[in-house]
Visitor: 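Please find one structure pasted underneath; my questions will follow.
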Amino acid sequence: MAPDDSTDALVDGLVRSAFQIMGVLTRIGAEHDLSLTQLRVLGILRDRSPRMSDLAAFLGLDKSTMSGLIARAERRGLLTRGTSPEDKRAVVVLITDEGRDLVQRLYEEGKALLAPATGRLDPEQREQLAQLLEPLLSPPLSAPARPERPVRGMP
């Protein structure tokens with residue numbers, strides 16, 4: 001297999017697995033009245049408390065969209081806003097105990113729905129796959145910058 005072929009096969013496998021996983025996450029989210037973006041926010045906040053601006057940049061959302069997303073989650077008791085200990089002017093997003101409990105339930109549901117696929121691998125293969133994926137996932141890819149569009153009639 002030529003190097004480009006192996007890259008193509010890898011990208012194809014990653015995209016196909018992403019589609020399967022997004023399908024599972026979309027289903028779980030719908031059952032809990034959560035969008036895929038809301039699930040991503042909860043997953044990110046599971047083990048960190050980013051600044052609101054950093055979270056928005058990572059998700060590729062503008063400030064007003066991010067504020068609305070957080071406000072809806074606050075009304076449900078899943079998230080809260082706080083002040084950054086490093087910079088009192090910065091707003092950080094924090095997961096509540098109720099949000100953490102929901103994330104744990106969502107994780108268990110996801111694990112159960114993915115079990116038919118993950119169960120095709122023996123424990124050693126699952127460990128190996130997890131190790132192979134780590135360099136692809138850490139650090140996470142940032143949201144791509146949006147290319148500037150020329151105004152009509154302007155170069």
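Values in this document were obtained by computation on a predicted structure and should not be read as measured data.
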Visitor: Using side-chain contact (heavy atoms from CB on, under 4.5 Å) as the criterion, point out the one residue from Asp54, Thr80, Leu69, Leu55 that pairs with Val93.
Guide: Leu55

Visitor: CG of Leu14 to CG of Leu136: how many Å apart, nearest 0.5 Å?
Guide: 6.0 Å

Visitor: Between Arg126 and Leu121 (side chain of the first, backbone of the second, donor and acceptor by atom type, cut-off under 3.5 Å), is there such a pair?
Guide: yes

Visitor: Assess whether atom CG of Asp47 is packed by more than 12 heavy atoms of other residues, nucleotides or ligands within 6.0 Å.
Guide: yes

Visitor: Please round to the nearest 0.5 Å and tell me the distance separating atom OG of Ser17 and atom CG of Leu114.
Guide: 10.0 Å

Visitor: Is there a donor-acceptor pair closer than 3.5 Å between any side-chain N or O of Arg40 and the backbone N or O of Leu36?
Guide: no

Visitor: Would you compute the distance between atom CD of Gln128 and atom CG of Asp122 and round it to the nearest 0.5 angstrom?
Guide: 9.0 Å

Visitor: Please report the interatomic distance CE(Met66) to CG(Leu59), rounded to the nearest 0.5 Å.
Guide: 5.5 Å

Visitor: For Glu31 and Arg27, run salt bridge (Lys or Arg N to Asp or Glu O under 4.0 Å): C-alpha distance rounded to whole Å, both residues' side-chain angles, the deciding distance at 0.1 Å, then the answer.
Guide: CA-CA 6 Å; Glu31 291 171 0; Arg27 177 177 161 191; 3.5 Å; yes

Visitor: Give a yes-or-no answer on whether the side chains of Glu109 and His32 include a donor-acceptor pair shorter than 3.5 Å.
Guide: yes

Visitor: Check the pair Arg51, Val91 against side-chain contact (heavy atoms from CB on, under 4.5 Å), reporting the backbone distance first and the verdict last.
Guide: CA-CA 6 Å; Arg51 291 178 178 206; Val91 175; over 6 Å; no

Visitor: Is there a continuous path of hydrophobic side-chain contacts, each under 4.5 Å between heavy atoms, that joins Leu25 to Val41?
Guide: yes

Visitor: Are Ser53 and Lys63 close enough, and set up right, to give a side-chain contact (heavy atoms from CB on, under 4.5 Å), and what steps lead you there?
Guide: CA-CA 7 Å; Ser53 57; Lys63 187 177 176 181; over 6 Å; no

Visitor: Can you check salt bridge (Lys or Arg N to Asp or Glu O under 4.0 Å) on Arg105 and Asp101, steps first, answer last?
Guide: CA-CA 6 Å; Arg105 286 194 316 273; Asp101 290 345; 5.6 Å; no

Visitor: Which atom pair, heavy atoms only, marks the closest approach of Ser49 to Leu94?
Guide: OG-CD2, 3.2 Å

Visitor: Would Leu78 and Ile95 satisfy side-chain contact (heavy atoms from CB on, under 4.5 Å), going step by step from the backbone distance to the final call?
Guide: CA-CA 6 Å; Leu78 303 174; Ile95 193 165; 5.9 Å; no

Visitor: So, the side chain of Thr96 versus the backbone of Gly77: is there a donor-acceptor pair under 3.5 Å, distance only?
Guide: yes

Visitor: At their closest point, which heavy atom of Asp33 faces which heavy atom of Arg76, and how far apart are they?
Guide: O-NH1, 2.8 Å

Visitor: How far does CG of Leu106 sit from CG of Leu113, to the nearest 0.5 angstrom?
Guide: 11.0 Å

Visitor: Cluster question for you: counting only ILVMFWY and a side-chain heavy-atom cut-off of under 4.5 Å, with indirect links fine, are Met22 and Val24 together?
Guide: yes

Visitor: State, without any angle test, whether Asp87 and Ser84 hold a side-chain donor-acceptor pair at a distance under 3.5 Å.
Guide: no

Visitor: So, Thr65 side chain and Leu61 main chain: donor-acceptor pair closer than 3.5 Å or not?
Guide: no

Visitor: Using modelled atom types only, decide if a donor and an acceptor are shared between the side chain of Glu127 and the backbone of Glu124 within a distance under 3.5 Å.
Guide: no

Visitor: Go through the steps to decide whether Gln38 and Arg72 satisfy the test side-chain contact (heavy atoms from CB on, under 4.5 Å), and finish with yes or no.
Guide: CA-CA 10 Å; Gln38 289 168 320; Arg72 285 189 297 282; 4.0 Å; yes

Visitor: Quick test of your reading of the model: are Lys111 and Glu108 salt-bridged, counting only N-O distances below 4.0 Å?
Guide: yes

Visitor: Are any side-chain N or O atoms of Arg46 and backbone N or O atoms of Arg100, one a donor and one an acceptor, separated by less than 3.5 Å?
Guide: no

Visitor: Once salt bridge (charged side-chain N to carboxylate O under 4.0 Å, His left out) is applied, do any residues pair with Arg81, and if so which ones, sequence neighbours excluded?
Guide: Glu74

Visitor: Treat each ILVMFWY residue as a node, draw an edge where side-chain heavy atoms are under 4.5 Å apart, and state whether Leu132 and Leu10 are in one component.
Guide: no

Visitor: Give me the atom names and distance for the closest heavy-atom approach of Leu45 to Pro50.
Guide: CD2-CD, 3.2 Å

Visitor: Rounded to the nearest 0.5 Å, what separates atom CD in Gln104 from atom CG in Leu42?
Guide: 12.5 Å

Visitor: Give the minimum heavy-atom separation between Pro116 and Ala112, together with the two atoms involved.
Guide: CD-O, 3.7 Å

